[in-house]
Amino acid sequence: MPEFKTSPGTRDILAPHSGRWRAFQDVFAHTVEAAGYNFIIPPMFEDLDVFLRLGETTEVVTKEMYDFHDKGGRHVALRPEQTAGVCRAYVEHRPITPWKVWYAGPNFRYEKPQQGRYRQFDQVGVEALGADDPLLDAEVIALAAKFYADLGLKKVHLSVNTLGDAGDREQYSQILLKYFSAHEKDLTSESRATLARNPLRVLDSKREPDQKVIAGAPAIRESISESANQHFDAVLRALDALNISYEINNRLVRGLDYYRRTTFEFTSLALDAAHTAIGGGGRYDGLVEALGGPATPGIGFALGLDRTLLACDAENTFVAPTTAVQIFVVDTVDGGHAHELCHLLRQNGISADRAYDLRSIKAQMKSADRSAASVALIIGSDEVQNSTIMLRKMGSGEQYSIAHKDVIGEVLKALNVK
RNA sequence: GUGGGCGUAGCUCAGUUGGUUAGAGCGCCAGGUUGUGGUCCUGGAGGUCGGGGGUUCGAGACCCCUCGUCCACCCCA
């Protein structure tokens with residue numbers, strides 16, 4: 001056993017999986033940049049207070065924060081998600097609106113790890129600030145849906161709901177408190193504890209005994225403002241116009257306190273464990289204000305890399321890209337010829353790799369095979385003497401001698417034929 | 001954070017009621033083939049059996065603790 005291992009909930013992403021991650025982010029960048037979103041790289045840690053604005057009953061903040069005091073005595077925290085940092089950046093820089101950005105990178109939450117749940121986990125996402133338009137809500141949702149489709153995913157389920165305006169949310173919370181309190185004896189003890197903290201979240205319980213009580217709970221749409229209802233209806237119509245299928249789930253609450261009005265969540269029907277939630281988001285009108293900025297509406301989503309890739313595995317799509325160099329150079333003389341030839345090839349835009357430590361030709365050929373190069377260039381004593389190179393096509397095994405000075409042209413010719 | 005399953009070579013796993021020097025397949029290295037990979041054959045390297053303590057003449061197997069991982073709850077991506 002090695003003396004050191006990765007810390008719990010963290011891991012090394014090695015090839016070929018690492019290539020898949022990069023491809024994932026490339027596809028995402030392509031999808032959202034085609035819709036006018038610009039790349040933003042917020043810092044990985046911020047003042048703790050920035051994240052506290054996510055809400056005092058948000059467990060991500062109250063229980064799972066990686067916070068510490070730095071050498072200057074500042075109380076900082078690793079970001080548990082990126083929306084707060086983006087909103088802080090908005091307040092700090094005051095870009096013109098609508099401000100549409102996308103991000104990709106790791107977040108940190110101190111949780112007990114499981115498959116699809118890590119302490120350092122990657123998300124990609126977008127945020128759009130400064131527009132109240134319900135068509136923007138629909139655009140954001142449509143972008144996420146398109147991205148899943150771009151990955152080749154088919155079994156993705158979209159749930160949407162509205163939480164009403166800030167006041168509505170509080171009012172509904174009181175209604176739920178009254179309802180659940182009346183049925184307290186039928187709730188699990190866990191739900192009773194949740195009820196005391198945040199009545200909305202009782203709706204999220206997956207425990208069987210709670211389901212009957214939850215099913216009878218009053219729906220939020222009955223207690224939200226007329227304008228919030230109109231906004232939601234407009235979002236739904238806009239989704240219909242794009243032929244995006246969804247389910248209205250009036251139990252969908254989501255754990256981050258800042259959500260207002262539109263909320264949505266994507267789950268994979270191909271996954272069956274606890275990690276079926278592969279993405280989600282919503283409006284957070286009020287968050288910018290909480291961070292000291294002017295009243296500014298905002299909406300966005302975040303998608304989990306790991307879970308989405310698990311869904312890809314389950315649906316057998318978006319496989320890891322294979323990487324291969326074009327040329328593998330075998331040198332049985334002294335290694336110096338391979339050294340210089342690789343350099344020359346690379347300078348001419350041809351990818352090339354080689355073996356080291358002057359191993360046997362058999363071993364070097366084996367490396368050539370593993371490299372997946374389509375052409376091997378072999379240099380032995382005969383070649384050095386005659387200023388030639390043996391060019392071998394790895395697929396067919398066909399090989400022939402070329403003049404050393406013609407190597408670039410011959411290699412290009414061989415690669416084109418392939 | 002609560003409860004449960006599982007930790008044996010790089011990987012996937014065997015390992016009989018505790019009993020000599022802990023095995024296999026794949027992978028890796030070398031040789032067969034002193035100029036040729038993908039097939040085949042032969043050989044080799046690689047393990048303080050997650051870690052610590054205990055029971056025993058004897059522990060990979062049993063007990064306790066601990067760490068890690070997986071599952072459920074919780075939470076969420």
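Here is how names work: the chains are called A, B, and so on, in the same order as the sequence lines, proteins then strands, and each is numbered from 1.
The existence of a salt bridge linking Asp137(A) and Arg283(A) is confirmed by a sub-4.0 Å separation between a basic side-chain nitrogen and an acidic carboxylate oxygen. A salt bridge links Glu59(A) with Arg197(A); the closest basic N to acidic carboxylate O contact falls under 4.0 Å.
In this structure, Lys366(A) places its NZ atom 14 Å from C1' of rU33(B), rounding to the nearest Å. Regarding Lys393(A), its NZ atom lies at a distance of 17 Å from the C1' atom of rU36(B), rounded to whole Å. Between the C1' atom of rC29(B) and the CD1 atom of Ile361(A) lies a distance of 18 Å, rounded to the nearest Å. At whole-Å resolution of the value, CG in Leu54(A) and C1' in rC75(B) are 15 Å apart. For Phe121(A) and rC75(B), the CZ to C1' distance is 11 Å, given to the nearest whole Å. Spacing between atom CG of Asp357(A) and atom P of rA30(B) amounts to 11 Å, rounded to whole angstrom units. Atom-to-atom, CZ of Phe328(A) to P of rG37(B) comes out at 14 Å; the value is rounded to the nearest Å. Nucleotide rU36(B) holds its P atom 12 Å from the CD atom of Gln364(A), rounded to whole Å.
The backbone N or O of Val213(A) sits less than 3.5 Å from a side-chain atom of Tyr179(A), completing a donor-acceptor pair.
Environment of NE2 in His17(A): crowded, with over 12 heavy atoms of neighbouring residues, nucleotides or ligands closer than 6.0 Å. At most 12 heavy atoms of other shown residues, nucleotides or ligands fall within 6.0 angstrom of atom OH in Tyr110(A). Enclosure of atom CZ in Phe45(A) is not indicated, since only 12 or fewer non-hydrogen atoms of other residues, nucleotides or ligands lie within 6.0 angstrom. The number of heavy-atom neighbours closer than 6.0 Å to NE2 of His30(A), taken from other residues, nucleotides and ligands shown, is 12 or below.
Side-chain atoms of Leu151(A) and Glu315(A), non-hydrogen and from C-beta on, never get closer than 4.5 Å to each other. Side-chain atoms of Leu203(A) and Phe180(A), non-hydrogen and from C-beta on, do get closer than 4.5 Å to each other.
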* side-chain contact (heavy atoms from CB on, under 4.5 Å) between Phe68(A) and Val76(A), intermediate numbers included -> CA-CA 6 Å; Phe68(A) 57 97; Val76(A) 297; 3.6 Å; yes
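Of the candidates rU36(B), rC29(B), rA77(B), the closest approach to any side-chain atom of Arg370(A) belongs to rC29(B). With rU36(B), rA77(B), rC74(B) as the candidates, the nucleotide lying closest to the side chain of Lys63(A) is rC74(B). For Glu59(A), the side-chain atoms get nearest to rC74(B) when compared with the rest of rA30(B), rA77(B), rC74(B).
Evaluation of atom-type donor-acceptor distances gives a pair under 3.5 Å for the side chain of Asp369(A) against the base of rG37(B). Counting distance only, with no hydrogens placed and no angle test, the side-chain atoms of Glu111(A) and the base atoms of rA77(B) include a donor-acceptor pair under 3.5 Å. A donor-acceptor contact under 3.5 Å is formed by the side chain of Arg392(A) with the base of rG37(B).
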* Structure fact -> With both pairing distances under 3.5 angstrom for Watson-Crick or G-U wobble, and | for a partner in another strand, the correct string for RNA chain B is (((((((..((((.....[...)))).(((((.......))))).....(((((..]....))))))))))))....
* Asked: Could you write nucleotides 65-71 of chain B as a row of B, S and -, 5' to 3', where a protein heavy atom under 4.0 Å of any base atom gives B, of only sugar-phosphate atoms gives S, and otherwise -?
  -> ---SSSB
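Among the atoms of the strands shown, base atoms are found under 4.0 Å from some heavy atom of Glu383(A). Looking at heavy-atom distances under 4.0 Å, Ile378(A) makes contact with a base. Using a 4.0 Å heavy-atom distance criterion, Arg359(A) is classed as a sugar-phosphate-only contact. Contacts of Ser205(A) with the nucleic acid, taken as non-hydrogen atoms under 4.0 Å apart, involve only primed sugar atoms and P, OP1 or OP2. Contact annotation for Lys362(A): base contact, defined as any heavy-atom pair under 4.0 Å involving a base atom. Using a 4.0 Å heavy-atom criterion, one finds that Asp382(A) contacts the bases of the nucleic acid, with or without backbone contacts as well.
Using a 4.0 Å cut-off on heavy atoms, none of the residues of residues 15-38 of chain A approach RNA chain B. At a non-hydrogen distance threshold of 4.0 Å, Gly397(A), Gln399(A) from residues 396-409 of chain A come into contact with RNA chain B.
Comparing rU21(B) with rG15(B), their C1' atoms sit 16 Å apart, to the nearest whole Å. Annotation: rU56(B) and rU17(B) have their C1' atoms spaced 16 Å apart (nearest Å). Rounded to whole Å, the separation between the P atoms of rG7(B) and rG50(B) comes to 8 Å. Remark: the separation of the P atoms in rG43(B) and rG35(B) is 26 Å, to the nearest Å. A gap of 29 Å separates the C1' atoms of rC40(B) and rG47(B), to the nearest Å. Nucleotides rC13(B) and rG51(B) place their C1' atoms 22 Å apart, quoted to the nearest Å. Going from the P atom of rC63(B) to that of rU16(B) covers 15 Å, rounded to whole Å. For the C1' atom pair drawn from rC41(B) and rU33(B), the interatomic distance equals 12 Å after rounding to whole Å.
Summarising the geometry, atom NE2 belonging to His343(A) is positioned 10.0 Å from atom CG belonging to Asn348(A); distances are rounded to the nearest 0.5 Å. Of the inter-residue distances, the one linking Phe264(A) atom CZ with Asn249(A) atom CG reads 14.0 Å to the nearest 0.5 angstrom.
Take the nearest nucleotide of RNA chain B for Phe266(A) and for Ser360(A): the residue whose nucleotide is more 5' is Ser360(A).
Note: Phe147(A) and Phe24(A) meet the aromatic proximity criterion, with ring centroids under 6.0 Å apart.
Looking at Thr263(A) and Asn161(A), their side chains never bring a donor and an acceptor atom within 3.5 Å of each other.
Shown here are the salt bridge (Lys or Arg N to Asp or Glu O under 4.0 Å) partners of Glu92(A), two or more places apart in sequence or in another chain: Arg88(A). In terms of the side-chain contact (heavy atoms from CB on, under 4.5 Å) criterion, residue partners of Ala403(A) (sequence neighbours excluded) are, by chain and number, Lys405(A), Asp406(A).
Cation-pi geometry between Arg11(A) and Tyr118(A) is met: under 6.0 angstrom from the ring centre, within 45 degrees of the axis.
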